[in-house]
J.: 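To start, I am sharing the structure in question, which I have written as structure tokens.
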There are 2 protein chains.
Amino acid sequence: MSEPRRRPGGRSAQVRAAVLEAGLAELASAGYHNLSLEGVARRAGVNKTTLYRRWGTREALLLDAIRARATARVPIPDTGDLREDLLALVRAAIANLTTAEVQAMVRASIALSPHDDTLAAAGRAFWAERLAVDAEVVHRAVARGEIAPVDAEQVIEAVLGPPYFHLLVTGRPVADDFLVGTVDLVVSGLRR
Amino acid sequence: MSEPRRRPGGRSAQVRAAVLEAGLAELASAGYHNLSLEGVARRAGVNKTTLYRRWGTREALLLDAIRARATARVPIPDTGDLREDLLALVRAAIANLTTAEVQAMVRASIALSPHDDTLAAAGRAFWAERLAVDAEVVHRAVARGEIAPVDAEQVIEAVLGPPYFHLLVTGRPVADDFLVGTVDLVVSGLRR
């Protein structure tokens, strides 16, 4: 007998999605220091024991939430062209970063990670996974002979790093021109 | 009659340097929320009215402190070669960023800027000045015909952005290989 497939839109998946969205919303409105699984449960209209059983800590819940958000909003493009793929990826990543919820999460994580090992570990886990996924567009460009073999994750950081720096460190909004200029510079280097 | 020149190593410059170092040290140990001009005055062994008269706010003092630190520790290289200049610049910038004082300042500023207009304005002012100064190495490469005309500040952000992202966002230490790889990718793109 085969296992029944869990439907993606089933009750359990719906509750999970509602909780994860509530986690990001609660973080953005209450701040990390005031974030609790109780608060998230209240916002999602779910019993708090469900959250404790499933996630255990607020850091585990936030890691799942930011991962689900990135998976939904930053799909991995496959246009057959490295420049187009990187541009689509970085545009989606920066659109996601500039939502109130993700920006609150990233800014809090940067400030608090040095003082909170659990949060720091969640952040490292997220980025280890996410850079490996993003790197797929570079591996495909190498496989089809568009560019020579290269450190694929370093290429992803070369296109994501400047707009993150621009927004979070220099404090300026990221215009589309900036993303195009960043990607063009990196792709020129790779196609040399 | 000519104005007497203020000696760089004179009493006034010494007090100023001591206060600015005390400001960064106090930020790193007390945290931004607990930072006050009184605390900085106490740490520097200076009367607090001197600080109020000269800087007025903690944000003005921190802006001056971070500017003095960057000027002292991140000199603008001029080796006659763009790759060498960018590498020296980014190595010095990341060495400065990874000191406890500067890292505390940058992490606090990223977290608090959305909620603190004075701090946000100080951060933007610092980076507007600093990117213009850093861009000098790119302007010189264009002037000597090493590369075609280019948006010089975008080049600086293309080499500073990835290591900032690596350290602050992905949460990993920045190895020298990473800096070399980043600079090589950008310089390859410019020399195409």
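Quick caveat: nothing in here was measured; it's all calculated off a predicted structure. These numbers come from the heavy atoms of this one structure, side chains and all, not from hydrogens, waters or symmetry mates. In what follows, chains carry the letters A, B, and so on, assigned in the order in which the sequence lines appear, proteins first and then strands, with residues in each chain numbered from 1.
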J.: Tell me the residues of residues 158-170 of chain A whose non-hydrogen atoms fall below 4.5 Å from those of chain B, in number order.
T.: A/Ala158, A/Leu160, A/Gly161, A/Pro162, A/Tyr164, A/Phe165, A/His166, A/Leu168, A/Val169, A/Thr170
J.: Report, in residue-number order, which members of residues 92-116 of chain A are under 4.5 Å from chain B by heavy-atom distance.
T.: A/Arg107, A/Ile110, A/Ala111, A/Pro114
J.: For chain B, which residues of residues 126-152 of chain A have at least one non-hydrogen atom nearer than 4.5 Å to it?
T.: A/Trp127, A/Leu131
J.: With a 4.5 Å heavy-atom cut-off (strictly below), which parts of residues 18-50 of chain A touch chain B? List them by number.
T.: none
J.: Return the option, out of A/Gly123, A/Gly181, A/Ala121, with the maximum number of heavy-atom pairs under 4.5 Å with chain B.
T.: A/Gly181
